[in-house]
Number of protein chains: 4
Amino acid sequence: MTGGRRRSESSRLAILDAARDLLLERGYERLTIDAIAARAGVGKQTIYRWWGSKGAVVADAALEGGLAPPLVPPPDTGDIEADLRAWLRDWTSRLASGGTSLILALTAATAEDHAVADVLYERFTAPHEQLLRDRLEVARMAGQLGSEAPVPTIAGVLIGSLLYRVLSRQEAPTADDADLVVRVVLGGTGG
Amino acid sequence: MTGGRRRSESSRLAILDAARDLLLERGYERLTIDAIAARAGVGKQTIYRWWGSKGAVVADAALEGGLAPPLVPPPDTGDIEADLRAWLRDWTSRLASGGTSLILALTAATAEDHAVADVLYERFTAPHEQLLRDRLEVARMAGQLGSEAPVPTIAGVLIGSLLYRVLSRQEAPTADDADLVVRVVLGGTGG
Amino acid sequence: MTGGRRRSESSRLAILDAARDLLLERGYERLTIDAIAARAGVGKQTIYRWWGSKGAVVADAALEGGLAPPLVPPPDTGDIEADLRAWLRDWTSRLASGGTSLILALTAATAEDHAVADVLYERFTAPHEQLLRDRLEVARMAGQLGSEAPVPTIAGVLIGSLLYRVLSRQEAPTADDADLVVRVVLGGTGG
Amino acid sequence: MTGGRRRSESSRLAILDAARDLLLERGYERLTIDAIAARAGVGKQTIYRWWGSKGAVVADAALEGGLAPPLVPPPDTGDIEADLRAWLRDWTSRLASGGTSLILALTAATAEDHAVADVLYERFTAPHEQLLRDRLEVARMAGQLGSEAPVPTIAGVLIGSLLYRVLSRQEAPTADDADLVVRVVLGGTGG
DNA sequence: CGATAAACGAGACGGTACGTCCGGTCTTGTC
DNA sequence: GACAAGACCGGACGTACCGTCTCGTTTATCG
């Protein structure tokens, strides 16, 4: 006996959409499962059946709800510094336009729930990081990276720097911030 | 205007101690005011009389509850790379020993509550960052920093890199991680 | 109009059996359709296809699930008092052996659901009451009933008295209780 | 250390009033704790702090919410039959005017919850029954009760008969019903 | 025999209410 | 007047069931 109604794709999407909208409207802390269910026109149990926590819903909303920035690889013009600068500027402009609430919400979810942290890292952070690593690998092959530091470390430094700005200032980094970070990482600061 | 009873210092300390303990035990989200009051042997009103929210208590507990690492300036041996390495290694060992729960809890509090973010930044992050900046300033004067990147940016890159590792891996960075970050920032990676 | 599958008798019986068992185990209020379906190995829709409500299932289970006491007419030895005494004692012993949970569950169902009350009265209470009335009618014809009270009233007094004992004491009436009720009703208490 | 806010009498009364109103409006089964709390302008916890179940609230509402008939002793004119008739007629008229929903609700609560049954019996049924017993005791002393049946049995027969009519017919007994019951119990039906 | 169609088991769905937990406020003595 | 105690209102939590609605499967009857 197989059987059983299939998962409703329209409900799934309505939930992710509602979570996205409410997240941007009210922020992570004031986001409630009740409100998501009401806005999505869905029973609460339909949320709890498929997600284990508020953080998990938000993580999925970020991934599939049209909230996350698209997976755009850094350009490859041959000039690693210009390419990184362009890529980070693109990120900063997206953060600036969409507000920082998404990144703050994902950070809160990550910091509070280990399981969410794993999902987000695997499906949100890691793919973007991988694009960055690929570009850095090309640069290394081309002899454009002086130090022997592993590419993952470099990628982590770039991303972490911008995240730290968002957390400590609670506002989006500027294009200048992006440029400076690239300068520090690539140009080095040592004499 | 006759006087009344003065604020009880012992209650104040009991509250901060209880908040600190519970923060480490249960994390920020699962920390409740009721639990703090019960553990501290204090009425809830005594908490609300002096602090405005859970975040404010947590911020104070981090600062005064013996939770925050001491303000230790980076050494100044003249070798900026070695000094930064020592300072960051010191941080990583503290994070490793105390576990990552403190940093995760404070990150969650920061991401969720703007007011907490401000307090923590001003009284927790900024002072440490200032010590780092001072040392970097000395290095710049000594011509040990090649790039023209502002010192605050450099400090942010160093701190953000380590924070990002904690968030994405959910474990404390190693001494090697610290070394690599310093290498990237000081040595540069550009050809 | 071609035919379809016929109603499954085995499912029908499984549902009534499950309802009976669960009614005795948990009482009316804590009895759920989900539990009946699970215990019977049946889909919920199969219950709702044939019964309109929990009450309807319970009523049927009481009637057909082997739950109801058999329809045994009072004996007719010519001595109405002895016969009623025997009949009521028989009831009290059944209540005592089977526990009072059935009578309490059916009373709850009756009190909560008008439709259940009607079905149970028509198909459970009324037939038993009818047997009692028939015997009383015989007694009246034989001149053994002094008062002019209608036979239905007398039957109601006998049954209601015992039911009241079950409800107010929450335990089965004893044989002595049965005897006393018969004595009051037949012997009268007026001077 | 004594201390602590005292139980709010106004909340207690608002809860009982709301429960009474909603019981009469919607019946016992459709009465919800949420609705009581909302109507009373009270937090749900304030209900659960002081009562253990819906049945317990209803029981209290019946007792103190102005819902229960007042404790009126049967008259004592010296004629036990006339007095009982008057008393039971009084009850039937009250049941007829107030509807049977109260008696059905209390019966349901009694049948479903043993603890509620005890409370209701002690504080609702027993006091009324006691008044009846007292009057019957007087009659017995005066030699107006022929049979040796215990007074509590007689009282139970009178009350149970009327209750049975309410349950089986789902409508209030008439004055005629009351008269007939008294006739059966006092006049006897035996030859 | 094959097509048709109703009933089946399973189980997800939108809802409602549950009973609990906690936030932040208010009240009651005590110190 | 600050304090410990603790009841208060409000509101979100995660769970349990309701009665409905698909699913794919089984079983009977009819063409």
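So you know, we letter chains A, B, ... as the sequences are listed, proteins then strands, and number each from 1.
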Would you kindly give the [atom1]-to-[atom2] distance between [X] and [N], to the nearest whole Å?
X: C/Ile15; N: E/dC8; atom1: CD1; atom2: P; answer: 8 Å
X: B/Glu29; N: F/dA12; atom1: CD; atom2: C1'; answer: 12 Å
X: C/Trp51; N: E/dA7; atom1: CH2; atom2: P; answer: 13 Å
X: B/Arg7; N: F/dA4; atom1: CZ; atom2: C1'; answer: 16 Å
X: D/Ile47; N: F/dG10; atom1: CD1; atom2: P; answer: 12 Å

Could you tell me whether the phosphate oxygens of [N], OP1 or OP2, come under 4.0 Å of any side-chain nitrogen or oxygen in [X]?
X: A/Arg5; N: F/dT22; value: yes
X: C/Ser8; N: E/dA7; value: no
X: B/Thr46; N: F/dA4; value: yes
X: C/Arg49; N: E/dC8; value: yes
X: C/Ser11; N: E/dA7; value: no
X: A/Trp50; N: E/dC13; value: yes

If only atom types and distance count, is the side chain of [X] paired as donor or acceptor with the main-chain N or O of [Y] below 3.5 Å?
X: C/Gln170; Y: D/Thr110; result: yes
X: A/Ser8; Y: A/Ser11; result: yes
X: D/Thr100; Y: D/Ile103; result: no

Practice problem: Return the 5'-most residue of the pair A/Arg6, D/Arg6 with respect to DNA chain F, ranking by each residue's nearest nucleotide. | Solution: D/Arg6
Practice problem: Quick one, give me the B/S/- string for nucleotides 18-23 of chain E, reading 5' to 3', where B means a protein heavy atom under 4.0 Å from the base and S means that only happens at the primed atoms, P, OP1 or OP2. | Solution: BBBBSB
Exercise. Answer yes or no: is there an ion pair linking C/Arg20 with C/Glu25, defined by an N-O contact shorter than 4.0 Å?
Key: no
Quiz prompt | Note, D/Val57 side chain near D/Leu31 side chain (heavy atom, < 4.5 Å) | solution = no
Quiz item: Is the number of heavy atoms from other residues, nucleotides or ligands under 6.0 Å of C/Arg7 CZ greater than 12?
Solution: yes
Exercise. Kindly check if the number of other-residue, nucleotide or ligand heavy atoms within 6.0 Å of CZ (D/Arg30) is above 12?
Key: no
